[in-house]
Undergrad: 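Okay, here's the structure, questions in a sec.
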Amino acid sequence: MSETVKRSNPLIWLIDPLKSTASNADPAYRFTWSQAAWMLPLAIGIAGLVISAVGWATDSHQFYFSYLIGWTFCLSLTLGAYFFVVIQHLTKARWSVVIRRIPEALIWSFPLLAVLGLPIIFGMHDLYHWTHLELFDPASPEYDPILAGKEGYLNMPFFMARMAFYFIVWTFVSFRLYTLSIRQDVTPEAGITAKQRKISAIGLVLGGITTAFAAMDILMSLDPHWFSTIFGIYFFAGSFMAIMAVMVLVSMLLQRNGMLNGVIKVDHYQDLGKFLFGFTVFWAYIAFSQYMLIWYGNLPEETIFYRHRMEHGWETFSAVLLICHFIIPFVVLLGRWSKRLLPLLGFMCVWMLVMHWFDFFWIAAPVLHNEHAAMSMYDISAWLGLFGVFSAAFMYRMSRHALVPQHDPRLAKSLSFTNS
Amino acid sequence: MNTASKDKTLASLADFHDEAPLVTGNLKFHDITELVSSHTEKKTPLAWYGAFSLALVGLMLLLIMIAYLFWNGTGVWGLNNPVGWGYAIVNFVFWVGIGHAGTLISAILFLFRQQWRTAINRSAEAMTIFAVICALVFPTIHVGRVWAIYWTLPLPNQMGMWPQFKSPLLWDVFAVSTYFTVSLVFWYVGLVPDIATLRDRATTKLRRMVTGVLAMGWTGANRHWRNYEKAYLLLAALATPLVLSVHSVVSFDFAVSVVPGWHTTIFPPYFVAGAIFSGFAMVVTLLVIARKIYGVENIITVDHLEKMNIVILLTGTMVGFAYITEFFVAWYSGVQYEQYAFTNRMFGPYAWAYWTMMSCNLFFPQFFWFKKLRRNITFMFIISIFVNIGMWFERFVITVTSLHRDYLPSSWDYYTPTFVDVLTFVGTFGLFFTFFLLFLRFLPIVAVSEVKGVMPEADPHFYDHEGDGHDAAHAVNVNAGQKQ
């Protein structure tokens, strides 16, 4: 660590491992918003969590599912940001430098998410059927030979160890990426860009493997009989789509409050819009591949997943997912004009983030309410609560450093970027 | 120093640090034209005749094998009762897969503004088209009654008979023929400006006439370029989903069934990754040789090859991870048939094929983590051959190991190809190289106009600071654009 960038104290470390470097920021890239930037989401977050706590006291089963959906939503945004940063370094991308600080700040959410994930441990028994040990006991009437065969993977100690491993990997790579970039802001040493690229290469491999398995562990094992090899890619596709929406919305928020005007331009928004469109289609491609192959094969152990989502009222939710997560955004975002019409693009980004949450809801909630489709108010409160706290920490982190990697050698190319 | 000039210094610094130039050897615009066009104009070298004769021998072999097959029927192949799909489908998937790199380079890398694609897109697209032709041979000849092949098309007829629209084999007909058509049009559109260059350089009447017709009246006018660029963008946008859809549909051929080892949801993206992987390996194999013989090492530089090797490393690792995911989920599924299929792949009678696949596709490309190795021409050539072999074996492993031991142990069998199987496959290389050598001989193997477009001289401000007074005006513009 160089002289000028210091580690923060251990309490703040969870939110930001580095001391503020805001004073070093170029005036054009300085965070000038008031503390409301993070106080407001924090207030919403706390309010949401307090309401959710009522849910925990009255209907803990529901609460844990709602909480898991909201937490997975935040985790997927962070993983999407992780992949975005890594890919930008590996491809030596020029266009995206002016917006890269947004995902860079997002990836330091992993430690906070690990802490916010702790309540899930207490809800494991409610969430994951495979935690019921009698399933593995041949003497028990509940004995399930299929699940007993999976005991070597689906058991509490190994699950916890895997989660710990994923978070250690993600935190380690993110720490390198985040601190290197901030350090470059203050001391533009030669070689930092090369180091970022090196850690990105390792980060891509580690991130790909851990994300695929994490998706299976967190979401797929909710329905422990069901399995799908594509599931990790499905999770990635949605996450990478959602991070585009986040970057657009954060940029718009900053610009509305008088920052980065003339730095992030409509050309950058258009490129983000292209990726938003592209990965909406990619998500649909993956979702269709999974659905069509299972439908066609018609094997009961696989169709069970879709069967639960095609009856007892869930068929409406499935139709909403198809129409609103794919058909509507496909039509709206197809043209060039809609990606350059910023109010519309902003609206579609909010839309897609809601749909991204809805996607996880559609995966998790039918496990709980398989007899009767239902959406609980705690689904919303836990989502807003977690997302509020998550956003507050993110905004606070943004306020402590330059809003743009100001000494990145490719920044000038990004500033003068035009989308012909 | 005002902000504008500071930004400008930053910009030139970035230029300096960013990337090695795409074209080396201090070539000028005219050198590029000369370097590429002269090969189509000079007297045919003897070596070309040699290579072409060899390719024609292969083509004859293919035709003889096909004639032998038609005369005798598919009994001359090594197919047996559980293994009803053998070399034909393996070779079909192999060749279709090869094609994908060309479309990725010409379409997806274009949308991603990867300028290095310009040096290799022409030859890669040519490879795509020829590979798809080779691929189409196999579904055509495997139907048995080949004279009824047109029944695969939904043509109205007096019998009121239609193909089975629910079958992925029919989707293949649509997917591959669409792919072939779009690739051909895309390739031809890209060729037009270069053919016009050949026309303008033509010295004989015949040459002028042929290139004149093919150039479709191209003059290089501003309006031509505007239309051309729009068409190019639209074709790239059309070709991009095709890169994913074609091999996804090919994967459906297997994955819609309930055969263990075939029926798994990861197949579509995993096949696409594998196709790009194998295609890039083939591009490296071909271009390592072609750039040497044609002396275009300054246009297709080691940097270009290195970037392709990075793609090989990336997609190879993705494919390898898909193998591992499949294996893990087969265990996780708790379905004994799935579990058996994958253990049988690894340790059964075809373990030799499985481990050939694993080492060629997952392990060998890992050498490309080392910069020295991925910039070493000999080394990358060897690895690219291994990848070609490995990806052929991947399709062999998928097809044969899943079939040869099905649900009924009494019908288990071992599949061995016959000489007809092997020689037909060898013959398709003859077909491929016949086309490819004709391409090398008669068409510009590098997209001349596109390469010029990514050279620094193509920048309208390249000649600033040379005393013509234009740069002062330019500085004002930069100022206006950046500080609002």
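Every heavy atom of this structure was used, including side-chain atoms; hydrogens, water molecules and symmetry mates were not. Per chain, numbering begins at 1; letters A, B, ... match sequence-line order.
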Undergrad: What part of Y285(A) is in contact with chain B, defined as an atom under 4.5 angstrom from a non-hydrogen atom: side chain, backbone, both or neither?
TA: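 The side chain, not the backbone.
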Undergrad: Answer with side chain, backbone, both or neither: which region of F282(A) has an atom nearer than 4.5 Å to a non-hydrogen atom of chain B?
TA: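 The side chain, not the backbone.
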Undergrad: Counting heavy-atom pairs under 4.5 Å to chain B, which of N298(A), I209(A), L299(A) comes out on top?
TA: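 Going by pairs under 4.5 Å, I would pick I209(A).
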Undergrad: Just verifying a value: how many Å separate S289(A) OG and F267(B) CZ, rounded to the nearest 0.5 Å?
TA: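 Rounded to the nearest 0.5 Å, the OG-CZ separation comes out at 12.5 Å.
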Undergrad: Considering heavy atoms only, which positions within residues 239-247 of chain B lie below 4.5 Å of chain A?
TA: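 Residues in range: L244(B).
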Undergrad: Run the side-chain contact (heavy atoms from CB on, under 4.5 Å) check on I286(A) and T265(B) step by step: do they pass?
TA: CA-CA 9 Å; I286(A) 298 296; T265(B) 48; over 6 Å; no
Undergrad: Evaluate side-chain contact (heavy atoms from CB on, under 4.5 Å) for E302(A) paired with T264(B), printing each intermediate quantity in order.
TA: CA-CA 10 Å; E302(A) 292 182 343; T264(B) 177; over 6 Å; no
Undergrad: Determine the option with the most heavy-atom pairs under 4.5 angstrom with chain B, choosing from L154(A), L147(A), I146(A), T91(A).
TA: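 Ranked by heavy-atom pairs under 4.5 Å with chain B, first place is L154(A).
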Undergrad: More than 12 foreign heavy atoms under 6.0 Å from CZ of F370(B): is that the case here?
TA: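 No, CZ of F370(B) has 12 or fewer neighbouring heavy atoms, counting only those of other groups under 6.0 Å.
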Undergrad: Y270(B) versus chain A, heavy atoms under 4.5 Å apart: side chain, backbone, both or neither?
TA: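 Contact with chain A is absent: no heavy atom of Y270(B) under 4.5 Å.
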Undergrad: Does a side-chain heavy-atom distance below 4.5 Å link V256(B) with M292(A)?
TA: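 Yes, close enough: below the 4.5 Å cut-off.
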Undergrad: Non-hydrogen atoms of chain B under 4.5 Å away: do they reach the side chain of S414(A), the backbone, both or neither?
TA: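 For S414(A), no heavy atom lies under 4.5 Å from chain B.
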Undergrad: Calculate, to the nearest 0.5 Å, the distance between atoms CD1 and CD1 belonging to I266(B) and I233(A) respectively.
TA: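 So the gap between those two atoms works out to 4.0 Å.
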Undergrad: Name the region of W295(A), side chain, backbone, both or neither, that has any atom closer than 4.5 Å to a heavy atom of chain B.
TA: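 Neither; nothing under 4.5 Å.
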Undergrad: Under 4.5 Å from any heavy atom of chain B, what part of A201(A) do you find: side chain, backbone, both or neither?
TA: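 For A201(A), backbone and side chain are both near chain B.
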Undergrad: Q290(A) versus chain B, heavy atoms under 4.5 Å apart: side chain, backbone, both or neither?
TA: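 Both parts, backbone and side chain.
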Undergrad: For the pair F275(A) and F112(B), name the ring-plane relationship: parallel under 30°, tilted 30 to 60°, perpendicular over 60°.
TA: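 Because their plane-to-plane angle is under 30°, the rings of F275(A) and F112(B) count as parallel.
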Undergrad: Return yes if a side-chain donor-acceptor contact under 3.5 Å exists between T229(A) and T325(B), otherwise no.
TA: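 Note: T229(A) and T325(B) side chains miss the donor-acceptor criterion.
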Undergrad: Quick one: CD on E338(B) to CZ on F227(A), what's the gap to the nearest 0.5 Å?
TA: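 So the gap between those two atoms works out to 6.0 Å.
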Undergrad: Under 6.0 Å from the CZ atom of F367(B), do we count more than 12 heavy atoms belonging to anything else shown?
TA: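 No, because the 6.0 Å sphere around CZ of F367(B) holds 12 heavy atoms or fewer from other groups.
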Undergrad: Are F213(A) and F328(B) an aromatic pair by the rule of ring centers under 6.0 Å?
TA: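 Between F213(A) and F328(B), the centre distance is under 6.0 Å.
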Undergrad: Go through the structure and list residues passing salt bridge (Lys or Arg N to Asp or Glu O under 4.0 Å) with R375(B), not counting sequence neighbours.
TA: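 R375(B) satisfies salt bridge (Lys or Arg N to Asp or Glu O under 4.0 Å) with D303(B), E306(B) only.
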Undergrad: May I ask you to name which of S248(B), A237(B), S257(B), P168(B) has the most heavy-atom pairs under 4.5 Å with chain A?
TA: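 Highest number of pairs under 4.5 Å: S248(B).
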Undergrad: Would you mind reporting whether V205(A) and W369(B) have side-chain heavy atoms less than 4.5 Å apart?
TA: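 The answer is yes; the side chains approach within 4.5 Å.
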Undergrad: Kindly check if the number of other-residue, nucleotide or ligand heavy atoms within 6.0 Å of CZ (F174(B)) is above 12?
TA: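 Atom CZ in F174(B) is packed in, count exceeds 12.
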Undergrad: Return the option, out of F231(A), W226(A), Y153(A), Y291(A), with the maximum number of heavy-atom pairs under 4.5 Å with chain B.
TA: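 Maximum pair count with chain B is reached by Y153(A).
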Undergrad: Using non-hydrogen atoms only, which part of L90(A) is less than 4.5 Å away from chain B: side chain, backbone, both, or neither?
TA: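 Contact with chain B is absent: no heavy atom of L90(A) under 4.5 Å.
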Undergrad: Can you tell me if Y332(B) uses its side chain to pair, donor with acceptor, with the backbone of S228(A) under 3.5 Å?
TA: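 No, because the side chain of Y332(B) does not come within donor-acceptor range (under 3.5 Å) of the backbone of S228(A).
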Undergrad: Are any of the side-chain heavy atoms of Y296(A) and H263(B) separated by less than 4.5 Å?
TA: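 A side-chain contact is absent here, since even the closest heavy-atom pair is not under 4.5 Å.
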Undergrad: Taking A255(B), S333(B), G334(B), P268(B) one by one, which has the highest count of heavy-atom pairs under 4.5 Å against chain A?
TA: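 Most pairs with chain A among the choices: S333(B).
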Undergrad: Using heavy-atom distances under 4.5 Å, tell me whether V249(B) contacts chain A through its side chain, its backbone, both, or neither.
TA: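 Neither part.
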